[in-house]
Number of protein chains: 2
Amino acid sequence: MNHGIAIGKVSQASGVKVTTVRFYEQIGLLAAPPRTDGGRRTYDRKDIERLTFIRHSRELGFEIDQIRTLLELQDRPDQSCADADTIAKARLVEVKAKIASLTALQAELERMVDGCSHGRVESCRVIEILADHGKCKHHLHDA
Amino acid sequence: MNHGIAIGKVSQASGVKVTTVRFYEQIGLLAAPPRTDGGRRTYDRKDIERLTFIRHSRELGFEIDQIRTLLELQDRPDQSCADADTIAKARLVEVKAKIASLTALQAELERMVDGCSHGRVESCRVIEILADHGKCKHHLHDA
DNA sequence: CGTACATCCTCCAGCGACTATAGGAGCAAG
DNA sequence: CTTGCTCCTATAGTCGCTGGAGGATGTACG
């Protein structure tokens, strides 16, 4: 009887795919767990928590390196959380910028689509705007 | 006297990096231009236009394969622009979804940052929310 | 106990859209 | 003629996974 949790179970419980769990181990985001005699990885509840933390952080758009820092912070509860705050704030700034950029994008796409008279390419507003950036109202950054 | 435009010039004129211009040639997005005796690529005004079209399309978030289609359409002005319209509309739907997702994200990040009392990690709202997805108000999809 | 089947293992290649590096060769100005 | 910029090819790396091949292990059932 083995008390360890199999990789498939932690995957299900955490919402991180099996292959991705192994990938995280490979890049050192998750410690290599003990193995069964047959060589299978055996996890515990802590690992599920850690993976859930990672998945949620990824959903919030944090990069792996940032998550590495956040995980280190989580491991030292007595430390100041200034770093976590800084990382989250930086991400918030990014997200706001992205929303602004995408909103400009949306406006331009709508202009393109609305302007299209569904005729020939010759007079297509979509192609026209793509060809001539000068027809853009907004200056777009990376979207 | 050589009438061709050097890669550096088309790069500047179109806003596409030199390495990226060569990359586009490699993947067949841009035709291989004639060369000088010394083996250097020589472009013309049409190429600058094409690259500008590509860059603008990329800024609008279109994928390379979609741009391939859009470029083909541009080359045949007598055709219907229904395809261009479809591609642009699909992109618009994507952009709208992304904005919605990022807005939810923004709300959650703000909740994290606002809740942080700048004390120890132990009681840090940022770490707390990352660890426990149940504390999220919104269900986030890929952001 | 045998066997079928699910799950797991490692290794390696690929995705998209570039970007960067090494190690040269071309070319124009001073 | 030499300096220094631009250009060339070829290859490997980026990020965060994802997929497949080909085999081993674990388990449930008869």
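Residue numbers begin at 1 in each chain, while the letters A, B, ... track the order of the sequences.
Hydrophobic cluster membership differs between A/Val113 and B/Ile99, with clusters built from Ile, Leu, Val, Met, Phe, Trp and Tyr side chains linked at under 4.5 angstrom. Under the 4.5 Å side-chain heavy-atom criterion for Ile, Leu, Val, Met, Phe, Trp and Tyr, B/Ile27 and B/Phe62 are members of the same hydrophobic cluster.
Among residues two or more places apart in sequence or in another chain, the side chain to side chain donor-acceptor pair (under 3.5 Å) test is passed with A/Lys9 by none. Residues passing the side chain to side chain donor-acceptor pair (under 3.5 Å) test with A/Arg40, sequence neighbours excluded: none. A/Glu94 pairs by the side chain to side chain donor-acceptor pair (under 3.5 Å) definition with A/Arg91, not counting sequence neighbours. With sequence neighbours excluded, no residue forms a side chain to side chain donor-acceptor pair (under 3.5 Å) with A/Lys17.
Using a 4.0 Å cutoff on non-hydrogen atoms, the parts of residues 26-35 of chain A near DNA chain C are A/Arg35, ordered by number.
The minimum heavy-atom distance linking A/Cys116 with A/Val126 is given by the pair CB-CG2, 4.4 Å. Across every non-hydrogen atom of B/Leu73 and A/Val121, the tightest pair is O-CG1, 3.3 Å.
Classification of A/Glu63 and A/Arg58 as a salt-bridged pair fails, no side-chain N sitting under 4.0 Å from a carboxylate O.
A donor-acceptor pair under 3.5 Å links the side-chain atoms of B/Arg55 to the main chain of B/Ser14, judged by distance alone. With A/Ser11 contributing its side chain and A/Ile7 its backbone, the two residues share no donor-acceptor pair below 3.5 Å. Remark: the backbone N or O of A/Asp78 is paired with a side-chain donor or acceptor of B/Arg120 at under 3.5 angstrom. A/Ser57 places a side-chain N or O within 3.5 Å of a backbone atom of A/Phe53 that can act as its donor or acceptor partner. Remark: the backbone N or O of A/Ala97 is not paired with any side-chain donor or acceptor of A/Ser101 at under 3.5 angstrom. A donor-acceptor pair is defined here as one N or O able to donate and one able to accept, closer than 3.5 Å; such a pair exists between the side chain of B/His56 and the backbone of A/Ile129.
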So which protein N/O to nucleotides 21-30 of chain C N/O distances come out below 3.5 Å?
| from | atom 1 | to | atom 2 | distance (Å) |
| --- | --- | --- | --- | --- |
| C/dG26 | N3 | B/Arg40 | NH2 | 3.1 |

Using nucleotides 15-18 of chain C, report all nitrogen or oxygen pairs with the protein that are shorter than 3.5 Å.
| from | atom 1 | to | atom 2 | distance (Å) |
| --- | --- | --- | --- | --- |
| C/dC18 | OP2 | B/Tyr24 | OH | 2.7 |
| C/dC18 | OP2 | B/Arg58 | NE | 2.9 |

Can you tabulate the close N/O pairs, meaning under 3.5 Å, that link protein atoms to atoms of nucleotides 1-5 of chain C?
none

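Summary for the helix from C/dC1-D/dG30 to C/dG30-D/dC1: the axes at its two ends, each from 5 pairs, differ by 10° when rounded to the nearest 10 degrees.
The residue A/Arg41 sits close only to the backbone: its heavy atoms come under 4.0 Å of sugar-phosphate atoms, none of a base.
The salt bridge (charged side-chain N to carboxylate O under 4.0 Å, His left out) pairs that include a residue from residues 43-52 of chain B are B/Arg50-B/Asp75, where partners are two or more places apart or lie in different chains. The stretch residues 65-74 of chain A participates, sequence neighbours left out, in these side chain to side chain donor-acceptor pair (under 3.5 Å) pairs: A/Asp65-A/Arg68.
Here the range on DNA chain D touched by chain B, meaning any atom under 4.0 Å from one of its heavy atoms, is D/dT6 to D/dT9.
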